[in-house]
Amino acid sequence: MAHPPLARPTDAPPAAHAGDDVALELPTAVAVDVPDRIVPPDESPRHVAIIMDGNRRWARAHGLAELEGHAAGLEAVRAVLKQAVRRGVPMLTLYAFSRENWARTDEEVAGLFALLGAAIRDETEELGRQGVRVRLLGRLDELPEPTRRSIGDAIEATEAGDRLLLNIAFNYAGRTEIVDAVRTLIAAGTSPEDVDEAAVSNALYTAGLPDPDLVIRTGGEERLSNFLIWQSAYAEFYFSPLLWPDFGSEAFDEAILEFASRTRRFGR
């Protein structure tokens, strides 16, 4: 018995979640052969997002000041970034500082800003050599002027990077991002009937970028903590018990292999 055609919602499924048929805006080198791949290109995540959790616990476990834990975390960033380039991952998003982190002590927040500023200044040239392009996700205007200047300089200096796009989520919160997107739509005079998932996506900090395929969280916790909550609707999640400073290239490879072993259906 034939069934009558279904009256489907006109805006579902959204193109952003349609799977492998979506055209992605990725660094051009993604099309270039990558000899160090560990999985075929069609099984590798195109966008990996990481919640880098555990710096302070790592410091306490080693009898160090908490800021030393954040410094050790930067070493893990360097290792994972190099491994992502080696493995042909074209986009990496790192949760570096959430807006909730303003609740920490003035000493720790100021130390984080100084640490980030110094790291960006020190690493910008190397990022350029690796073909990494830097982009910021978050409210840049709320940051101290020296931090804004360091980030702005890195964005400008690496704009020609064509191997990996590095999104630094700094002073970022997923709900704040959605609020800012709504404000953008209202300010643009968008009519209610024109507000759909595509319109909201195009007003987010990540406008024009593909959603994350894989979200990694270190430190043993299993939650998103207000990170890319819109974009991660169809992401695969990988939770590592390792504290972030202990999460290196081998652990990154394990996450990639785990991702490749999964079957993604996108509701189909």
Side-chain angles (χ1 to χ4, degrees), residues 48-59 64-82 84 91-161 164-181 183-184 204-209 218-219 225-229 231 244-245 247:
V48 177
I50 305 179
I51 302 171
M52 306 178 294
D53 193 16
N55 288 341
R56 296 193 297 176
R57 282 178 284 159
W58 184 92
L64 300 171
E66 291 182 349
L67 199 58
E68 292 297 317
H70 295 303
L74 283 175
E75 293 300 319
V77 169
R78 294 185 181 98
V80 167
L81 185 57
K82 289 180 180 178
M91 186 175 300
L92 194 64
T93 299
L94 302 180
Y95 202 7
F97 183 86
S98 74
R99 296 189 79 238
E100 289 86 352
N101 290 153
W102 286 101
R104 297 183 179 181
T105 66
D106 288 352
E107 180 182 8
E108 183 176 1
V109 172
L112 280 169
F113 288 155
L115 197 61
L116 175 76
I120 289 177
R121 289 190 299 273
D122 294 343
E123 297 296 327
T124 295
E125 185 175 346
E126 176 60 24
L127 292 173
R129 282 195 294 266
Q130 292 187 54
V132 175
R133 183 165 82 249
V134 175
R135 174 171 173 161
L136 180 87
L137 307 181
R139 286 186 173 176
L140 184 63
D141 60 298
E142 295 178 344
L143 298 176
E145 196 278 331
T147 306
R148 294 200 307 270
R149 185 170 60 249
S150 294
I151 292 172
D153 289 346
I155 291 172
E156 182 178 356
T158 62
E159 60 184 0
L164 183 143
L165 177 59
L166 173 62
N167 299 308
I168 302 175
F170 200 86
N171 197 32
Y172 173 90
R175 289 183 175 181
T176 300
E177 180 181 21
I178 294 172
V179 168
D180 286 348
R183 289 174 175 173
T184 296
L204 295 172
Y205 305 149
T206 54
L209 303 179
T218 64
S225 294
N226 209 7
F227 179 54
L228 299 179
I229 55 178
Q231 299 89 335
W244 174 247
F247 190 91

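These numbers were taken from a predicted model, which means no experiment stands behind them. Residue indices begin at 1 and follow the sequence shown.
- Summarising the geometry of Gly111 relative to Leu67, their closest heavy-atom pair is C-CD1, 3.7 Å, with the distance given to 0.1 Å.
- Annotation: side chain of Leu94 is in contact with side chain of Val77 (closest heavy-atom distance under 4.5 Å).
- Here the shortest heavy-atom pairing between Arg148 and Asp141 reads NH1-O, 3.9 Å.
- Across every non-hydrogen atom of Ala154 and Thr124, the tightest pair is CB-OG1, 3.6 Å.
- Put simply, the side chain of Leu64 reaches to within 4.5 Å of the side chain of Trp58, judged on heavy atoms.
- Here CZ of Arg135 is found 11.5 Å from CG of Leu166. Values are rounded to the nearest 0.5 Å.
- Counting heavy atoms from C-beta on, the side chains of Val132 and Thr158 never come closer than 4.5 Å.
- Put simply, CZ on Arg139 and CG on Asn171 are 8.0 Å apart, with the number rounded to the nearest 0.5 Å.
- Residues Arg78 and Glu75 are paired through a salt bridge, judged by an N-O separation under 4.0 Å between the basic side chain and the carboxylate.
- The shortest side-chain heavy-atom distance between Ile120 and Asp153 does not fall under the 4.5 Å cut-off.
- To the nearest 0.5 angstrom, Ile51 atom CD1 is 11.5 Å from Thr93 atom OG1.
- One distance of note links CG of Leu209 with CG of Leu204; it measures 10.0 Å at 0.5 Å rounding.
- Environment of CD in Glu145: crowded, with over 12 heavy atoms of neighbouring residues, nucleotides or ligands closer than 6.0 Å.
- Taking CZ from Arg149 and CG from Leu143, the interatomic distance works out to 13.0 Å, rounded to the nearest 0.5 Å.
- Residues Ala96 and Ile168 approach most closely at CB-CG2, 4.0 Å, considering heavy atoms.
- In this structure, the side chain of Asn101 engages the main chain of Ser98 through a donor-acceptor pair within 3.5 Å.
- The number of heavy-atom neighbours closer than 6.0 Å to CD of Glu100, taken from other residues, nucleotides and ligands shown, is above 12.
- In this structure the side chain of Ile151 reaches within 4.5 angstrom of the side chain of Leu116, judged on heavy atoms.
- Within a 6.0 Å radius of CD in Glu125, no more than 12 heavy atoms belonging to other residues, nucleotides or ligands are found.
- A side-chain donor-acceptor contact under 3.5 Å links Trp244 to the backbone of Gly73.
- In this structure, the side chains of Thr206 and Asn167 stay at 4.5 Å or more apart for every pair of heavy atoms.
- Within the 3.5 Å criterion, the main-chain N or O of Thr176 finds no donor-acceptor partner in the side chain of Arg99.
- Heavy-atom minimum distance, Gly69 versus Pro245: O-CG, 4.0 Å.
- Salt-bridge formation is detected for the pair Arg56/Glu108: a Lys NZ or Arg NE/NH1/NH2 atom is positioned less than 4.0 Å from an Asp or Glu carboxylate oxygen.
- Of all the heavy atoms in Glu66 and Ala59, the pair that sits closest is CA-CB, 3.9 Å.
- Rounding to the nearest 0.5 Å places OG1 of Thr147 at 6.0 Å from CZ of Phe170.
- In this view, Tyr95 and Tyr172, Phe227 satisfy the ring pair (Phe, Tyr, Trp, His ring centres under 6.0 Å) rule, not counting sequence neighbours.
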